[in-house]
Amino acid sequence: MDKQVASAAEAVAGIGDGATVMIGGFGGSGAPIELIHALIDKGPKGLTVINNNAGNGRIGIAAMIDAGLVKKMICSFPRSSDPRAFTDRYLAGEIELELVPQGTLAERIRAGGAGIPAFYTPTGFGTELAEGKVIAEFDGRSYVQERWLKADFALIKAHLGDRHGNLTYNKAARNFNPLMCTAAETTIVQVSEIVPLGGIDPEHVVTPGIFVDRVVEIADPAQEEVLIRAGAVYA
Amino acid sequence: MDKQVASAAEAVAGIGDGATVMIGGFGGSGAPIELIHALIDKGPKGLTVINNNAGNGRIGIAAMIDAGLVKKMICSFPRSSDPRAFTDRYLAGEIELELVPQGTLAERIRAGGAGIPAFYTPTGFGTELAEGKVIAEFDGRSYVQERWLKADFALIKAHLGDRHGNLTYNKAARNFNPLMCTAAETTIVQVSEIVPLGGIDPEHVVTPGIFVDRVVEIADPAQEEVLIRAGAVYA
Amino acid sequence: MSTQDFDALKLSNAQIAWRAAQDIADGTYVNLGIGFPEMVARYQPPGRQTIFHTENGILDFGEPPAEGEEDWDLINAGKRAVTLKPGAAFFHHADSFAMVRGGHLDVAILGAYQVAETGDLANWRIGSKGVPAVGGAMDLVHGARQVFVITEHVTKDGKPKLVERCSFPLTGVACVTRVYTSHAVIDIVEGRFVLREMRPGLAFDTLQAMTGAALHRDGPVTDLLAPALYSPLA
Amino acid sequence: MSTQDFDALKLSNAQIAWRAAQDIADGTYVNLGIGFPEMVARYQPPGRQTIFHTENGILDFGEPPAEGEEDWDLINAGKRAVTLKPGAAFFHHADSFAMVRGGHLDVAILGAYQVAETGDLANWRIGSKGVPAVGGAMDLVHGARQVFVITEHVTKDGKPKLVERCSFPLTGVACVTRVYTSHAVIDIVEGRFVLREMRPGLAFDTLQAMTGAALHRDGPVTDLLAPALYSPLA
């Protein structure tokens, strides 16, 4: 069993028009920049992208939007330090938005990975984000029913990985990445280093390899926040 | 902030008659034997105990049952290598049983800790364990609604701990322990060693201290399977 | 008393944050909303230890690092670089919101556009224009044992922010337990604003006039005091 | 053909396990039920790598250790001591059943009291007496992409185990995809038993007579063969 692939381009093979793609990261941490840019090079159209944010500056998800790949964003916070790419298209009616509270977004993805088609949460009850949703009362309190979220592909940034797909993450770059690994039909991971089997202590594995399909080593990966502060543009 | 207590007896203080108590462990691994035995010494009655099994031999949960502490077991598998303590009382109608499929038991506890009052699972649909439960269809498939499970207290066995309650576990002794930490009003943990703050790498913490209330160091803790094979009796 | 006089009696944002910080007990787990609420961390009374939670997966983070020392994989929910204290832990977003939703936080401190006497909070969106963004606000208002709001007592153009019913889109229903304003400390008890503290020199009737719902008294009302503070953000 | 002749043609449990093992592709994730299904691990064809999952929180465990070398914190769901392979991982029970329920396992192999042509499985309880115990059986039948059953074709007293509708309490509805019996390999396709392999020398009519529901043919039926095997558990 060997899930290693040789390049970011090879890693994103098969992501076609209309696919739903989860992309890890929160703000400037944990975004799989090299995989995203390889996907831009490939150029599928009409994608639905699931991420906490909606892209920053002119790289990563923002560059996907600039390149016209994205039909719809599912996210909690499409405003960030420099959200021009999304904002311009959204206000022009050229991109759809499904706004999901951040904890609900995380739990919906977790549910998708765990085979839980729906769950109840207090979050959003009585707000416009619960409009049209099933409401139920448990023990005298009202809750909103939320559905699982799954994707065709997940693009993930991890720290160490092995050829079976066992993964660790770097600090708060963990965020949505381990959840998204579980909820996609095909999970594609870039790691800073591929270590031999057994190189990750079984006690320290954060994502077990069962959730991973492809692993590519990208040594010294770009850090989104650093790129944005440097004014980088991917086009 | 210091969650350390000096002894197992002090750790189980406040567990009174009628309490619901989650107890970690699966088969012979991960059972907090010293905490359980301290609770037997204290002697509360009418407890509801949540564990995967229902006690083995004459120690641990089996000894709790022998000592007449337990009114009801919530578990997935009340048969094991030597389940006499439970079996005898159950067949005599002296102890109640709520039988829950193992994955549903884990997910109900996880839901209790995560503020999810109910969720849907395919597990048990069409079986006698789903009788009387709400059934719903999602995307053409039928699912059973299950409710969260919470407890007044959790008795947990971990490996390393610090005074804030950050924890690691030993191998497959992890099992239900991290979940139960999250779902009890008061979570009581025995660890093999209390290390200084920072002694556990923040990347390797399995249970963050927010889920823990009391930590007691029990160096060289008893291992349930070893005790059972030795024919140990706690009375 | 004129609006100008009312303005003259107000606490600065730093002082509001200071006042809220006094009510955070030793050994508690706290989430501070992005922006203004983050100021609360600066004014923890000496000797008290608070463990701060951030939605993006850290418990027990500390001060920002010196400029140039930032690790951009070590940030808080406001995307600002932070440092770790000994005993910190990392976890993923589902575990992080399990802490929030599951009732494990002692206190969440949030800003507000409006707070209703029912405890309803509006703090995520003013109208229907622009790009909506909710982040973790709707999750944070549920689950924490106490939800504190820190806010000016009135808007910039003098309209009440404490109201009978919110007119802005809601963040949560019946969730706020206490409000620290520029002029008063007010508990929300069974659908009523109960005044606990007010600025010395302020008349109850003036405060009531600047408040969009009835203020109740239930026990003593003491002076709302705060030291002079230099506030780089205020 | 008499029942005695039918008996004479049957595969041993070890041979049934061997036959099932031939269908586990290289690079797959597999959960083996407690007891008889655990035998499948012994008969993996050389050169194929299977990663075994156990409900109690291990991926990629291996053979039992030598006697006296057991670590009783390193056990499988059957509570037997195991060892780790390089690349193993530990996780808690909720993550473990997320793997099961979430469709991440390629194959689950289970025993059976009865299998219905609908794919219904009864394997946890025979009657209403004694202490009921379900463990992970009801979870395992959902989620794995393929659910294989390994079983004798008939009960000890010669009654069919493959039936139109299960009379014993169900473990799951419409979940079994393939059945390996002592006499045949049978797929479940759209609510019908479809015969794929049968023992050489066995007449179709005899097999049908020993089966409690109609056997269909849809393509070639080949010989069910297995090598002679020494089975310490059989």
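All values reported here derive from a predicted model rather than from experimental measurement.
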Do you know which two heavy atoms are closest between A:N166 and D:G87, and how far apart they sit? ND2-O, 2.8 Å
With only heavy atoms counted, which part of D:T50 is less than 4.5 Å from chain A, the side chain, the backbone, both or neither? neither
Give a yes or no on this: more than 12 heavy atoms of other residues, nucleotides or ligands lie within 6.0 Å of atom CG of A:D220. no
Answer yes or no: are there more than 12 heavy-atom neighbours, outside A:E185 itself, under 6.0 Å from its atom CD? no
So for A:K150, is it side chain, backbone, both, or neither that comes closer than 4.5 Å to the heavy atoms of chain D? neither
Would A:I210 and D:L105 count as a side-chain contact (heavy atoms from CB on, under 4.5 Å) here? Give the steps. CA-CA 8 Å; A:I210 193 171; D:L105 291 174; 3.9 Å; yes
Counting only heavy atoms not in A:E137 (residues, nucleotides, ligands), do more than 12 fall under 6.0 Å from its CD? yes
Under the salt bridge (Lys or Arg N to Asp or Glu O under 4.0 Å) rule, collect the residues that match up with D:D218, sequence neighbours excluded. none
Which heavy atom in D:Y29 sits nearest to a heavy atom in A:H164, and how many Å separate them? OH-O, 3.8 Å
Stepwise side-chain contact (heavy atoms from CB on, under 4.5 Å) test for D:D26 and A:M1: CA-CA 7 Å; D:D26 186 36; A:M1 179 180 286; 5.9 Å; no
So for D:D60, is it side chain, backbone, both, or neither that comes closer than 4.5 Å to the heavy atoms of chain A? side chain
Name all residues meeting the ring pair (Phe, Tyr, Trp, His ring centres under 6.0 Å) criterion together with A:H204; count only those two or more places apart in sequence or in a different chain, and write none if there are none. B:H204
Between D:A88 and A:V205 the two heavy atoms that sit nearest each other are O-CG2, 4.0 Å
Bottom line for D:L84: the part with an atom under 4.5 Å from chain A's heavy atoms is side chain
In terms of heavy-atom pairs under 4.5 Å with chain A, the winner among D:Q49, D:K85, D:H53, D:R48 is D:Q49
Heavy atoms of D:H104 and A:G113 approach each other most closely as NE2-O, 2.7 Å
